[in-house]
Amino acid sequence: MHKFSTLNFIKEIQNTVSTFLADSYDHVVEPDKVIVNTTSKDFDGDYTVVLFPFVKALKKSPNELGEELGKAIVSSSNSLCKGFNIIKGFLNLELSNESWKTLLKHVFETKDSLGKDQMPEQISLVEFSSPNTNKPLHLGHIRNILLGWSCSMILKEVGQKVINTQIVNDRGVAICKSMLAWEKAGANETPENTGIKGDHLVGKYYVAFDKLFNQEYKDWQSTEDAQNLYVEKKKEDQSQEGFFKGYKNQYFNNQSKIGSETREMLLKWEDQDAAVRSLWEQMNAWVYDGFDKTYEALRVSFDKIYYESETYKLGKSIIEQYLQKGLFFKKEDGSIWVDLEDVGLDKKLLLRSDGTSVYITQDIGTAQKRYEDFSMDKMVYVVGNEQDYHFQALFETLKKMGASYADSLYHLSYGMVDLPSGKMKSREGTVVDADDLIAEVIAEARASAQEFGNLESLTEAEKEEIFTRIGLGALKYFIIKVHPKKRMTFDPKQSVDMQGQTGPYIQNAFVRVQSILRKSDGTNGSFAAYESVEEAEKQLLVLIASFPTVLLEAAVELDPSKVANFAYALAKEFHRFYHDVRILNAPDEARNFRITLIETVATILERSMRLLGIDMPARM
RNA sequence: GGCUCCAUAGCUCAGCUGGAUAGAGCAACUGCCUUCUAAGCAGUAGGUCUUAGGUUCGAAUCCUAAUGGAGUCACCA
C-alpha cells in the first residue's frame, strides 16, 4: 500500500488511488490521471476525488467504491486525512488538524524557495521590446515588455538561466525618414537645446516626414498624370479617395520625390556614406538615451542587445551561402526566395532584387549569432500576433537550413492592445505614449495616497518610491492579468483603478501583514497545541500549497496571467481572513499559528508579484 | 477569398489537459471603521457561456459547421 510521504496532498492522494486500484482491482490508472480538486465550498472536505471514471470501468457503485477508496486513503495518510464523505460520485476528503499544522510548518520554512527550480537548468533567451528607432515606445510596447520581463522572471524562478535580449531595428527606411525630415526642417534641434526627450524628438521628425509626404502626395493627386492614372486603373465604382489610398505605397516607391530621397539615403547608408552615418549615429544615440529612461521607469533591463545594423550582413551572407547550396532560389530580377509550399506556406522573399535586406534577412542572421553567442536551449520571441505568419516562415526556413537550434524557437504571440475607442492609430494621434502613461499612473497613486494620509512620517524620497510602486503596480497588473494570447482593451480609467482586482489590492494585503508584523514585536512561538484550524486558514494553506503547480504551469505555458490570477486569489483570501479573524490579540497558540501563516502569505505574495515585475511597498 | 486567432454578466476579465448549482472585479443598490491600515469586508441584483449539431454517465471546456470580430496573405516591420 502507498503511504503519504510528502505534503503534496494532491499527489499523495493520486498515488494512493492509483496503487489501490492496481492492487485491489488490477485496474491501471496513471496517478496524474486521477482527478483531484479542491473541494467546492458548498461541501464538507478539503480535497475531492472524482469517482466517475472508475465507476464505469470497475462496474461498482460510486458509494461502494468511494467507501473503499476513502478508507484506503485515510489509512495510508499517516493521520493527515481524518475522514471522508461521498456525495453523488465525489469523494470528499477531510484533512486533520495535525496536517494543517504540519503543512504550515513546512511552507513557512520553505517560503522563500517553494516552487523554485522545478525545471532543468537550461539556457533560455527571451527577446522582447525590440523597437524601431524612429519613434518613442507606446502602450503596445508596454504589453510586450511586461510579458517578456515576466516570462523571463518566471523561467528564472523555475531554474532556467535566462538572458533578456532584444533586436533593435536601427536601420532601414523608417529611421531614414526621421533623418531626412530632420535635415529638411530640423533647424538643428537636439534634445539638449529643446529639452525634449531624445526618442520623442526623433519621433517628432518621423511625424514631420509623414506630413511632408502626405502634402506631396495630395498635391500630386490633382495633377493630370494622377487623374489619368485614376481613370485608367481604378476598379469599378472605386472612389478617387479609395483609389489613392491604395496607391500610396506604389507612389512612394515609384514616383515620390521625397520617397526617392529616402531610398537614396538608405543606399548611402549601406555604402557607409560618412555624413549619413554620422547623422544616423547621432539620432539613434538620442533614441537610445530616451529608451533607457523608459526602461528604467518601467524597472526592466536587458542583458544583451542586438542591432539589426550589425546582424543584417550575416543574414545576407547566410542566404547567399544557402543559395549556392541550392536550398533557396533566385528570380530573374535578382531577388532571392525560399519555397515553403511543402510545409503549407508560400514562397517567401529573403533578399530584395537590389540586394538590400528585409526583415527576415536579419532575423536569420540574428538567430545564428545568438546561437553562436549563447548556445541556448530555448529561444522565446515575444512579438505581437500580427507577425504569426512571419515567424512560421522564419522557423520553417531555419529548419530547412538544418539549423540545430531550429526546434527550440518559440514565438510568444500576444494580442493587440485596443483602446475603448478602438484601435490605436498613429495617424489619428490616438497612440498612448509609454512615458506619459507611466507618469500618469504614478500621479494617480500619489493623489490617492495623499488622501489616505498613511505616509506622513516618511521622507519625500520614501513616499515617492511608494507612489511609484503603487502606480506601476496598478498599470502592470492591469495589463498582465489578461491571458497573453487575448486581444485586450486598455481603458485608461480602469488602469489607474486601485480597488478590487488590481495590483494595489494585492499590495495592500502585503502591507497589512507588514503592519501586523511590525506590531508583533517579533514574538512568535510554537503552535503545536493549536487545536482548531479555521476555515479561512485552511483556504490560505490550500492556496499556498498550490503555488508550485501554478508557477510551473506559468513557466511551461509562458503565461504570466496565471501567476497574476493566483496572487489575486491569495490576496482576496487573506483580506477575508484579516477581516474575520483576530491575530495579535488572539490566544497564544492561535496567535503564533496566524503570524506564521501571514508571514508565509506575505512572502508568497511578494514573490508572485516580483515575477510580474511588481514591487511591494512596506506601507501604503 | 485562403490560412490563423478570438467570442463567458451592462463593461473588463477568470474558468477551457471534460466533473458538483459557471466565478471575480468595475458600474448600481444595502450594510460594516472607539477593535491588527476601509486601497478592506459582507450582502442584493445581473448569464439560453454567439448559434446549431455531434462525442460522453457528464460539455463553457473536445469535434464539425454557421455567424460575428480581428490578424495575415508586401521587394513593410
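- Comment: A:Lys348 does not engage A:Glu396 in a salt bridge, judged by the lack of any side-chain N to carboxylate O separation of less than 4.0 angstrom.
- What separates OH of A:Tyr247 from C1' of B:A74 is a distance of 16 Å, to the nearest Å.
- Heavy-atom distances under 4.0 Å link RNA chain B to A:Arg352, A:Ser353, A:Val358, A:Tyr359 of residues 351-367 of chain A, given in residue order.
- In this structure, A:Ile479 atom CD1 and B:C13 atom P are separated by 12 Å, rounded to whole Å.
- Side-chain polar atoms of A:Ser353 and A:Ser335 form no donor-acceptor pair below 3.5 angstrom.
- Comparing the same atom, P, in B:U51 and in B:G43 gives a spacing of 30 Å after rounding to whole Å.
- With its glycosidic angle within 90° of 0, B:C33 is assigned syn.
- Distance NE2 (A:His483) to P (B:C16): 10 Å, rounded to an integer number of Å.
- In this structure, A:Gln392 reaches neither bases nor backbone, as no heavy-atom distance under 4.0 Å exists between it and the strands shown.
- The base of B:U37 is paired with the side chain of A:Asn454 by a donor and an acceptor separated by under 3.5 Å.
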If you write RNA chain B from 5' to 3' in dot-bracket form, with Watson-Crick or G-U pairs under 3.5 Å, [ ] for crossing pairs and | for pairs with another strand, what do you get? (((((((..((((.....[...)))).(((((.......))))).....(((((..]....))))))))))))....
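- Under 3.5 Å, the side chain of A:Asp418 and the base of B:A70 form no donor-acceptor pair of N or O atoms.
- Using modelled atom types and a 3.5 Å distance limit, the side chains of A:Ser413 and A:Asp388 yield a donor-acceptor pair.
- Judged purely by distance below 3.5 Å, without hydrogens or angles, the side chains of A:Glu127 and A:Tyr306 never pair a donor atom with an acceptor atom.
- Counting non-hydrogen atoms under 4.0 angstrom, A:Glu553 reaches a base of the nucleic acid.
- Atom CG of A:Asp580 is separated from atom C1' of B:G40 by 11 Å (rounded to the nearest Å).
- Listed by first and then second residue, the salt bridge (charged side-chain N to carboxylate O under 4.0 Å, His left out) pairs that reach into residues 465-478 of chain A are A:Arg299-A:Glu465, A:Glu465-A:Arg469, sequence neighbours excluded.
- Inspection of the A:Asp170 and A:Ser309 side chains reveals an N or O donor paired with an N or O acceptor under 3.5 Å.
- The side chain of A:Arg512 lies closest to B:G40 when the candidates are B:A70, B:A7, B:G40.
- Rounded to a whole Å, the CG atom of A:Leu345 is 11 Å from the C1' atom of B:U4.
- Under the 3.5 Å distance criterion, with hydrogens and angles disregarded, no donor-acceptor pair is assigned to the side chains of A:Asn37 and A:Tyr47.
- Checking the phosphate oxygens (OP1, OP2) of B:G71, a side-chain nitrogen or oxygen of A:Lys423 falls inside 4.0 Å.
- For B:A14, neither phosphate oxygen OP1 nor OP2 lies less than 4.0 angstrom from any side-chain nitrogen or oxygen of A:Lys481.
- A side-chain N or O of A:Lys248 and one of A:Asn214 form a donor-acceptor pair less than 3.5 Å apart.
- The nucleotide whose nearest atom lies closest to any side-chain atom of A:His575 is, among B:C41, B:U72, B:C5, B:C41.
- At the heavy-atom level, A:Ser335 lies under 4.0 Å from base atoms of the strands shown.
- Of the candidate nucleotides B:C76, B:U37, B:C13, B:C13 has the atom lying nearest to any side-chain atom of A:Val482.
- A salt bridge is defined here as a Lys NZ or Arg NE, NH1 or NH2 lying under 4.0 Å from an Asp or Glu carboxylate O, and A:Lys135 with A:Asp199 fails to meet this definition.
- Distances shown here put every side-chain N or O of A:Lys348 at or beyond 4.0 Å from the OP1 or OP2 atom of B:A74.
- Nucleic acid contact class of A:Val581 (heavy atoms, under 4.0 Å, all strands): base.
- Contact annotation: A:Lys56 side-chain N/O to B:C57 OP1/OP2 distance is under 4.0 Å.
- Contact check on A:Glu386 versus A:Lys423 returns no salt bridge, with no Lys/Arg side-chain nitrogen under 4.0 Å from an Asp/Glu carboxylate oxygen.
- The side-chain hydrogen bond (donor to acceptor under 3.5 Å, both in side chains) test applied to A:Tyr217 returns no partner, not counting sequence neighbours.
- Rounded to whole Å, the separation between the C1' atoms of B:U64 and B:U72 comes to 25 Å.
- Judged by closest nucleotide on RNA chain B, A:Asn385 is the one of A:Arg171 and A:Asn385 placed further toward the 5' end.
- Considering only side-chain N and O atoms, A:Lys486 lies under 4.0 angstrom from the phosphate OP1 or OP2 of B:A7.
- Using a 4.0 Å heavy-atom distance criterion, A:Ala174 is classed as making no nucleic acid contact.
- Only the C1' atoms considered, B:A22 is 15 Å distant from B:G58, to the nearest whole Å.
- Taking the side chain of A:Phe478 as heavy atoms from C-beta on, and the options B:A77, B:U12, B:U37, the nearest nucleotide is B:U12.
- Defined by atom type and a distance below 3.5 Å, a donor-acceptor pair is present between the side-chain atoms of A:Thr48 and A:Asn92.
- For A:Tyr381 and A:Phe395, the ring centers sit closer than 6.0 Å to each other.
- In this structure, A:Met488 reaches the sugar-phosphate backbone alone: every heavy-atom distance under 4.0 Å involves primed, P, OP1 or OP2 atoms, never a base.
- An OP1 or OP2 oxygen of B:C41 is reached within less than 4.0 angstrom by a side-chain nitrogen or oxygen of A:Tyr505.
- Of the C1' atoms belonging to B:G53 and B:A9, the separation is 27 Å, rounded to the nearest Å.
- Checked for salt-bridge contact, A:Lys562 and A:Asp559 meet the test: a charged N lies under 4.0 Å from a carboxylate O.
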Could you pull out the protein-nucleic contacts involving nucleotides 60-64 of chain B (nitrogen or oxygen on both sides, under 3.5 Å)?
none

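- A residue-by-residue look at A:Tyr389 and A:Asn508 shows that A:Asn508 has its nearest nucleotide of RNA chain B further toward the 5' end.
- For the C1' atoms, the distance from B:A60 to B:G2 is 30 Å, rounded to whole Å.
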Protein heavy-atom contacts under 4.0 Å, written 5' to 3' over nucleotides 18-30 of chain B as B (base), S (sugar-phosphate only) or - (none), form the string -BBS--BSS----
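- Here, B:C16 and B:G1 have their P atoms 34 Å apart, quoted to the whole Å.
- A salt bridge is defined here as a Lys NZ or Arg NE, NH1 or NH2 lying under 4.0 Å from an Asp or Glu carboxylate O, and A:Arg446 with A:Glu464 meets this definition.
- A:Glu534 has a carboxylate O that lies under 4.0 Å from a charged side-chain N of A:Arg594, or vice versa, which qualifies the two as a salt bridge.
- Protein atom NZ of A:Lys493 is 13 Å distant from nucleotide atom C1' of B:U12, rounded to whole Å.
- Defined by atom type and a distance below 3.5 Å, a donor-acceptor pair is missing between the side-chain atoms of A:Ser61 and A:Asn63.
- Using modelled atom types and a 3.5 Å distance limit, the side chains of A:Tyr247 and A:Gln255 yield a donor-acceptor pair.
- Straight-line distance between the C1' atoms of B:C57 and B:C13: roughly 33 Å, to the nearest whole Å.
- Across the C1' atoms, B:U35 and B:G19 are found 44 Å apart, a figure rounded to whole Å.
- Between the CZ atom of A:Arg263 and the P atom of B:C76 there is a distance of 10 Å, rounded to whole Å.
- Atoms CG (A:Asp346) and P (B:A74) sit 7 Å apart, rounded to a whole Å.
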